[in-house]
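Step one of this worksheet: look at the structure below.
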Amino acid sequence: MLNTISNINNAVGGVVWGVFGISLLFIAGIVMTIVNKGFQFFHLRHWLKETIGAVFSDKHITRHTEKEDKSISQFQSLCTALAATIGTGNIVGVATAIISGGPGAIFWMWIMAIFGMMTNYSENVLGIFYRRKNQKGEWSGGAMYYLRDGLGSKKHCKTLGKVLAVLFSCFCVLASFGIGNMSQTNSISGNMESAFGIPTYATGIFLVILSAVVILGGLKRVAIVTEKVVPFMAIMYIVGALAVCIAHINMFGTVFAAIFKGAFGLKAVGGGILGYGIRLAITWGFKRGAFSNEAGLGSSVMVHSNSNVKEPVKQGMWGIFEVFADTIIVCSLTAFVILSSGLVDLETGQMISANAGSGLVGEAFATVFGGLGPKFIALAILLFAYSTVLGWSHYGAKAFEFLFGTKAMSVYKIVFIIMIFFGCTMSLDLAWELSDTFNGLMMIPNLLGVLSLSGTVGKITANYVRRTFKDSEETPMYSAFPDIQKEQTEQSQTEIPCA
């Protein structure tokens, strides 16, 4: 039975992650970069100041919302989004990319991230612009809403928008059990067993109990947990990875050379044919880049839309920073740790180590930390993967809400929690295969929506740029809906501008 599922999954996954899927993902990033006039390049200083810089200078960014307010702070939305994106893909995924695509895959992972910044930015802008409040007074936004209300508002596209919105929601629910649950918990249980000898079923029971306490408490409880866990786990991993990199700093020139040579086929990956080596490098770089930062999947926008921000571009900039932090910083550090530790033949791209996935990264850390290396990685994966589970529990719940209503969210959360146990004991290969396929299936309707609404994103961005850099007094574009636009415009006129 599992073999049949795997074969079907490989066939579907081959289509969505083949030439069509990768091309669509890459084209979307380029188009949104052009439409927004290279915002991630020409306004680099501004978006850094308004995101990570604002965390230390603007108390409104980190201040918790009032108890009766159903939204969360901008920083909490970022941490919850990063909780879902900074996961096993940053460790296991990068190692897999290097093993399968050679060092050159890292270059293409960077390229995907650079353009993916504007895809993620555009998703968040549309998410804020088309969000609505549900029966509980919570913001509900995401690809399904801008597909239904944005694309669906275009001439002759009403039915298409609704169909794509439903398809996206279905794929998101399924993906939440793959990328956001089973693949993550499987990595946790496997590493806890190999590093500490803890049985997989024991890890499963513990995670089910812990998850029930957090997830059933709603988004605010998830956000409170992630804003504590995410900064800690990110700093912990970055410091550890930097220690390994510094210890092998004499290898950096060789590592950079291997990455660029492998990316452009100046050497064959693994001794294979030149063109085949380039294709592997590009494919695995793009796949792991997308899996890691999730730009183009339409996933993180569902939590960004719960932010208490009014300005769509403000939340869009957090989307840029999310991709930057996830891929350019964390994934790059993992790559340099592996490539500088002597575990890969940098001349041919062939693996010297027999380990794979987290075992390969653990071996790389062991070159500096000895026997503590694998244990350090096991702990990192525990935090990375579990935070991903929390983030994706919200994504799946919002998609389920769109399909079946607000009251049905409790049913989804219970099933999601139960599946954590099964994820701890299932086949790792099948878990990762399912994750890749569901990623691709979510990507297609979402990117069709983003591309069709590129003009709207461009107008919102241009409006913000004129008001921010050219002192224009035109009215901000807060929402596609007149009632929300009026309400938020009136609010912004009676308070100190902070969002």
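The shown structure was predicted, so the numbers you read here are calculated from the model rather than taken from an experiment.
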Close side-chain approach of [X] and [Y], heavy atoms under 4.5 Å:
X: Leu379; Y: Met236; value: yes
X: Tyr237; Y: Thr334; value: yes
X: Arg148; Y: Lys158; value: no
X: Val450; Y: Val457; value: no
X: Leu25; Y: Met112; value: yes
X: Ser454; Y: Met32; value: yes
X: Met443; Y: Asn446; value: no
X: Val173; Y: Phe404; value: no

(message) Can you confirm whether or not the ring centre of Phe469 sits under 6.0 Å from the ring centre of Phe42?
(response)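 No - the distance between ring centres of Phe469 and Phe42 does not fall below the 6.0 Å cut-off.
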(message) Is the distance from the ring center of Phe39 to that of Tyr121 below 6.0 Å?
(response)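 Ring centres of Tyr121 and Phe39 closer than 6.0 Å.
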Pair [X], [Y]: side-chain N/O donor-acceptor within cut-off below 3.5 Å:
X: Tyr386; Y: Thr185; value: no
X: Glu401; Y: Asn134; value: yes
X: His304; Y: Glu322; value: yes

(message) Checking the side chain of Thr327 only, and the main-chain atoms of Phe324 only, is there a donor and an acceptor separated by less than 3.5 Å?
(response)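 Absent.
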From [X] [atom1] over to [Y] [atom2], what is the distance, rounded to the nearest 0.5 angstrom?
X: Lys413; Y: Ile418; atom1: NZ; atom2: CD1; result: 14.5 Å
X: Cys172; Y: Leu441; atom1: SG; atom2: CG; result: 12.0 Å
X: Met442; Y: Leu167; atom1: CE; atom2: CG; result: 12.5 Å
X: Ile188; Y: Thr388; atom1: CD1; atom2: OG1; result: 8.5 Å
X: Ile114; Y: Ile328; atom1: CD1; atom2: CD1; result: 5.5 Å
X: Ser393; Y: Leu216; atom1: OG; atom2: CG; result: 9.5 Å

Is [Y] paired with [X] through a side-chain N to carboxylate O contact shorter than 4.0 Å?
X: Glu138; Y: Lys133; result: no
X: Arg466; Y: Glu474; result: yes
X: Lys310; Y: Glu487; result: no

(request) Just jot down the salt bridge (Lys or Arg N to Asp or Glu O under 4.0 Å) partners of Asp471, sequence neighbours excluded, or say none. (result)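 Result, salt bridge (Lys or Arg N to Asp or Glu O under 4.0 Å) vs Asp471: none returned.
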(request) Carefully, step by step, assess Ile460 and Val313 under the rule side chain to side chain contact (heavy atoms under 4.5 Å, CB included). (result) CA-CA 7 Å; Ile460 296 171; Val313 173; 3.9 Å; yes
(request) Would you please test Tyr412 and Phe177 for ring pair (Phe, Tyr, Trp, His ring centres under 6.0 Å) and show each step? (result) CA-CA 11 Å; Tyr412 167 83; Phe177 292 111; 5.6 Å; yes
Angle class for the [X]/[Y] ring planes (parallel below 30°, perpendicular above 60°, tilted otherwise)?
X: His46; Y: His43; answer: perpendicular
X: Phe481; Y: Tyr130; answer: perpendicular
X: Trp318; Y: Phe321; answer: perpendicular

(request) Take Ser479 and Gln488 through the side-chain hydrogen bond (donor to acceptor under 3.5 Å, both in side chains) test and state the conclusion after the steps. (result) CA-CA 9 Å; Ser479 174; Gln488 299 204 330; over 6 Å; no
Going by the side chain to side chain contact (heavy atoms under 4.5 Å, CB included) test, name the single residue among [options] that passes it with [X].
X: Ser176; options: Tyr395, Trp392, Phe400, Phe171; value: Trp392
X: Ile417; options: Val208, Asn181, Leu207, Ile209; value: Val208
X: Thr119; options: Leu297, Leu447, Asn124; value: Leu447

Locate the shortest heavy-atom distance separating [X] from [Y]; write the atom from each residue and the value.
X: Glu123; Y: Asn120; result: OE1-OD1, 3.0 Å
X: Arg131; Y: Ser307; result: NH1-O, 2.8 Å
X: Leu451; Y: Ala28; result: CD2-CA, 3.8 Å
X: Ala97; Y: Ala105; result: O-CB, 3.7 Å
X: Val361; Y: Ala95; result: CG2-CB, 4.1 Å
X: Gly142; Y: Met302; result: CA-CG, 4.0 Å

(message) For Lys154 and Leu453: C-alpha separation, side-chain torsions, deciding distance, then whether side chain to side chain contact (heavy atoms under 4.5 Å, CB included) applies.
(response) CA-CA 10 Å; Lys154 293 183 177 294; Leu453 295 169; 3.8 Å; yes
(message) If the test is side chain to side chain donor-acceptor pair (under 3.5 Å), which one of Lys486, Gln491, Gln485 qualifies with Thr489?
(response)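 The residue from Lys486, Gln491, Gln485 that satisfies side chain to side chain donor-acceptor pair (under 3.5 Å) with Thr489 turns out to be Gln485.
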(message) Working note: Phe129 + Tyr146, criterion ring pair (Phe, Tyr, Trp, His ring centres under 6.0 Å); need CA distance, chi angles, decisive distance, verdict.
(response) CA-CA 8 Å; Phe129 196 64; Tyr146 55 74; over 10 Å; no
(request) Show your reasoning for whether side chain to side chain contact (heavy atoms under 4.5 Å, CB included) applies to Asp149 and Ser153. (result) CA-CA 6 Å; Asp149 300 324; Ser153 66; over 6 Å; no
(request) Name all residues meeting the side chain to side chain donor-acceptor pair (under 3.5 Å) criterion together with Ser332; count only those two or more places apart in sequence or in a different chain, and write none if there are none. (result)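 Per chain and number, Ser332 pairs via side chain to side chain donor-acceptor pair (under 3.5 Å) with Trp110.
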(request) Evaluate the criterion side chain to side chain contact (heavy atoms under 4.5 Å, CB included) for residue pair Glu311 and Arg467; output intermediate values, then yes/no. (result) CA-CA 12 Å; Glu311 185 83 63; Arg467 289 185 291 108; 2.7 Å; yes
(request) State whether Tyr145 and Arg132 meet the cation-pi test: NZ (Lys) or CZ (Arg) under 6.0 Å from the six-membered ring centroid, and within 45° of the perpendicular axis. (result)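 Checked: cation-pi criterion not met.
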